[in-house]
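All values derive from a computational prediction rather than experimental measurement.
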Amino acid sequence: EAEWRGKCGAATRKCEAVQDELQRSESARRTLAEAAAELQERLTAAESERLEARVEADRLGEEMEQLQQRLLEQQVLLDEQQDVLEEQQLQLSAQAKRLQAQLDAAETHKEKQSGLQEE
């Protein structure tokens, strides 16, 4: 009977040690599961933020392309307006030369008229 009690006591201690180890393992498993769940949440949030940033970057890229197109269109219009203004400037310059020539001719004619009247 003493032998059985000894074996039973040893088996009980071994069983308690296994139960303690099982409890520690279960506690560690729960801790790891909680950490994994938290990491998954953070990963999901980061992925969501990355997708939102990608959408925003795409939107900004499209907006920039539209602005560049508008800028090019405005540049074409400005170039056309500058061509028109340069042509008008040439026309006005030619007209000013003609008017100056007419004025010079009129003054010359007036001087001749005055000279004839004096004689």
Side-chain angles (χ1 to χ4, degrees):
E1 185 177 323
E3 186 181 328
W4 271 99
R5 285 183 192 205
K7 287 182 180 182
C8 189
T12 301
R13 287 189 297 278
K14 189 172 185 178
C15 184
E16 288 172 351
V18 168
Q19 283 181 329
D20 287 346
E21 184 63 29
L22 182 62
Q23 286 176 348
R24 284 192 297 274
S25 294
E26 183 61 27
S27 177
R29 188 198 63 77
R30 281 193 304 271
T31 301
L32 287 174
E34 290 170 0
E38 181 182 337
L39 286 174
Q40 185 60 43
E41 287 178 20
R42 290 170 59 188
L43 179 63
T44 301
E47 180 65 15
S48 177
E49 288 177 14
R50 186 191 70 78
L51 290 174
E52 288 175 11
R54 180 76 249 158
V55 167
E56 181 66 9
D58 289 346
R59 185 189 68 75
L60 290 173
E62 289 174 10
E63 187 176 321
M64 188 175 79
E65 286 178 19
Q66 291 173 357
L67 289 173
Q68 287 175 334
Q69 183 60 36
R70 286 179 43 202
L71 181 63
L72 288 173
E73 291 169 0
Q74 291 294 320
Q75 186 62 45
V76 168
L77 289 175
L78 286 174
D79 289 346
E80 290 172 356
Q81 287 177 346
Q82 184 171 353
D83 291 346
V84 168
L85 289 174
E86 287 173 356
E87 180 62 30
Q88 287 177 345
Q89 184 180 9
L90 291 173
Q91 291 173 357
L92 288 174
S93 179
Q95 184 180 6
K97 287 179 183 177
R98 286 192 303 274
L99 289 174
Q100 186 62 47
Q102 289 175 356
L103 181 60
D104 291 345
E107 287 179 4
T108 301
H109 180 69
K110 183 177 176 184
E111 288 173 2
K112 286 183 181 177
Q113 288 286 344
S114 292
L116 287 177
Q117 286 179 357
E118 287 178 9
E119 289 180 10

**OP:** Carefully, step by step, assess Gln40 and Leu43 under the rule side-chain contact (heavy atoms from CB on, under 4.5 Å).
**Re:** CA-CA 5 Å; Gln40 185 60 43; Leu43 179 63; 4.2 Å; yes
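- Side chain of Thr31 to main chain of Ser27: a donor-acceptor pair is present (N/O by atom type, distance under 3.5 Å, no hydrogens or angles).
- Residues in residues 14-26 take part in these salt bridge (charged side-chain N to carboxylate O under 4.0 Å, His left out) pairs, two or more places apart or across chains: Glu21-Arg24, Glu26-Arg29, Glu26-Arg30.
- Annotation: the span from Leu67 atom CG to Leu72 atom CG amounts to 11.0 Å, rounded to 0.5 Å.
- Taken from OG in Ser114 to NZ in Lys112, the straight-line distance is 12.5 Å, to the nearest 0.5 Å.
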Pairs under 3.5 angstrom only: tabulate donor-acceptor contacts from the side chains of residues 95-106 to other protein residues two or more places apart or in another chain.
unit_1 : atom_1 : unit_2 : atom_2 : d
Gln100 : NE2    : Asp104 : OD1    : 2.9

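- Residues passing the salt bridge (Lys or Arg N to Asp or Glu O under 4.0 Å) test with Arg54 are Asp58, sequence neighbours excluded.
- Listed by chain and residue number, Lys7 satisfy the salt bridge (Lys or Arg N to Asp or Glu O under 4.0 Å) test with Glu3 (two or more places apart in sequence, or in another chain).
- Glu63 is linked by a salt bridge (Lys or Arg N to Asp or Glu O under 4.0 Å) to Arg59, counting only residues two or more places apart in sequence or in another chain.
- With a 4.5 Å cut-off on side-chain heavy atoms, Thr12 and Cys8 count as touching.
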Table please: side-chain donor-acceptor pairs of residues 73-83 below 3.5 Å, with sequence neighbours left out.
unit_1 : atom_1 : unit_2 : atom_2 : d
Glu73  : OE2    : Gln69  : NE2    : 3.4
Gln75  : NE2    : Asp79  : OD1    : 3.1
Gln82  : NE2    : Glu86  : OE2    : 3.3

